Asks: 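Below is one structure. I have some questions about it.
Just so we're clear, the structure is a prediction, and the values are computed from it rather than from any experiment.
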Amino acid sequence: QVQLVESGGGLVQPGGSLRLSCTTSGITFRIHTMGWYAQGPGTQRELVAAITSSGRDNYADSVKDRFTISRDNTKNTVYLQMNSLKPEDTAVYYCNVGLDWASSNPGAYWGQGTQVTVSS
């Protein structure tokens with residue numbers, strides 16, 4: 001059974017940092033592109049960051065130079081380091097396996113989501 005479990009969200013003030021984690025099971029983690037989507041209040045779910053099986057990373061323009069995606073293939077885990085957080089980053093962040101960056105199309109499997117709230 002495929003399972004993706006996110007953690008690390010919470011309430012943080014503008015300018016603060018969070019580190020999200022997504023731990024997977026039921027997949028051969030090392031062969032997949034992994035990524036994070038964000039869905040804010042009343043918005044569509046949008047691709048924020050992705051990392052390929054070889055470690056190449058890509059980002060939405062809105063988070064470039066602030067967020068860093070990484071992966072640990074020994075732990076079947078993908079991370080999102082979020083720095084210099086802004087109120088507009090407030091969203092539920094979802095981990096996804098097998099997405100395609102060029103099209104922003106997700107793979108079939110999602111985590112349950114973790115809430116990030118940036119507020120003063």
Asks: Measuring from Asn83:CG to Asp65:CG, what's the distance to the nearest 0.5 Å?
Replies: 11.0 Å
Asks: Looking only at heavy atoms, which two atoms of Thr77 and Lys75 are closest? And how far apart?
Replies: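 Closest approach of Thr77 to Lys75: OG1-O, 2.8 Å.
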Asks: How many angstroms lie between atom CG of Leu80 and atom OH of Tyr59, to the nearest 0.5 angstrom?
Replies: 7.5 Å
Asks: Any chance you could lay out the side-chain hydrogen bond (donor to acceptor under 3.5 Å, both in side chains) test for Thr52 and Thr33, step after step, and finish with the verdict?
Replies: CA-CA 4 Å; Thr52 69; Thr33 294; 5.4 Å; no
Asks: At their closest point, which heavy atom of Ala91 faces which heavy atom of Ala38, and how far apart are they?
Replies: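 Heavy atoms only, the tightest pair is CB-CB, 3.9 Å.
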Asks: If you measure from CG on Leu11 to CD on Gln115, what distance do you get to the nearest 0.5 Å?
Replies: 9.5 Å
Asks: Are Leu18 and Phe67 linked, directly or through intermediate hydrophobic residues, by side-chain heavy-atom contacts shorter than 4.5 Å (ILVMFWY only)?
Replies: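 In one cluster with Phe67: Leu18, yes.
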Asks: Is there a donor-acceptor pair closer than 3.5 Å between any side-chain N or O of Arg30 and the backbone N or O of Asn73?
Replies: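 No; zero donor-acceptor contacts below 3.5 Å.
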Asks: With clusters defined by side-chain heavy atoms of hydrophobic residues (ILVMFWY) lying less than 4.5 Å apart, directly or transitively, does Leu4 cluster with Ile69?
Replies: yes
Asks: Identify the residue among Asp72, Val97, Asn76 that makes a side-chain contact (heavy atoms from CB on, under 4.5 Å) with Phe29.
Replies: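 Between Phe29 and the candidates, side-chain contact (heavy atoms from CB on, under 4.5 Å) is satisfied uniquely by Asn76.
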Asks: If you look at every heavy atom in Tyr37 and Arg45, which pair is closest and at what distance?
Replies: CB-CG, 3.6 Å
Asks: Check the side chains of Asn58 and Arg56 for a donor-acceptor pair under 3.5 angstrom, ignoring hydrogens and angles.
Replies: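 Short answer, no.
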Asks: Do you know which two heavy atoms are closest between Ala50 and Trp101, and how far apart they sit?
Replies: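 In this case the closest contact between Ala50 and Trp101 is CB-CE3, 3.8 Å.
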Asks: Would you call Lys86 and Asp89 a salt bridge, taking side-chain N to carboxylate O under 4.0 Å as the test?
Replies: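 No, Lys86 and Asp89 are not salt-bridged.
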Asks: Please check: side-chain N/O of Thr23 versus main-chain N/O of Val5, any donor-acceptor pairing under 3.5 Å?
Replies: no
Asks: Are Leu47 and Ile51 co-members of a hydrophobic cluster defined by side-chain heavy atoms under 4.5 Å apart?
Replies: no
Asks: Do Leu99 and Met34 share a hydrophobic cluster, counting only Ile, Leu, Val, Met, Phe, Trp and Tyr and linking them when any side-chain heavy atoms are less than 4.5 Å apart?
Replies: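 Each belongs to a different hydrophobic cluster.
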Asks: Starting from Val92, can I reach Val12 by hopping between I/L/V/M/F/W/Y residues whose side chains sit under 4.5 Å apart?
Replies: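 Not linked; separate clusters.
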Asks: Ignoring hydrogens and geometry beyond distance, is a side-chain donor-acceptor pair present between Asn96 and Tyr94 at under 3.5 Å?
Replies: no
Asks: Atom CD1 of Ile27 and atom CD of Gln3: how far apart are they, to the nearest 0.5 Å?
Replies: 11.0 Å
Asks: So, taking the atom named OG1 in Thr24 and the one named NE2 in His32, what distance separates them when rounded to the nearest 0.5 Å?
Replies: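 Rounded to the nearest 0.5 Å, the OG1-NE2 separation comes out at 8.5 Å.
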Asks: Once you round to the nearest 0.5 Å, how far does CH2 of Trp110 lie from CD of Glu6?
Replies: 9.5 Å
Asks: Under 3.5 Å, side chain of Thr90 to main-chain N/O of Val118, donor-acceptor pair present?
Replies: yes
Asks: Are Trp36 and Cys22 packed together at the side-chain level, in the sense that at least one heavy-atom pair is separated by less than 4.5 angstrom?
Replies: yes
Asks: How about Glu88: does its CD atom have over 12 heavy atoms from other parts shown lying under 6.0 Å from it?
Replies: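 It does: Glu88 CD has more than 12 such atoms within range.
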Asks: Considering all heavy atoms of both residues, which atom of Met82 and which atom of Leu85 are nearest to each other, and what is their separation?
Replies: CE-CD2, 3.7 Å
Asks: On a heavy-atom basis, which atom in Gln81 and which in Ser17 lie closest, and how many Å separate them?
Replies: NE2-CB, 4.1 Å
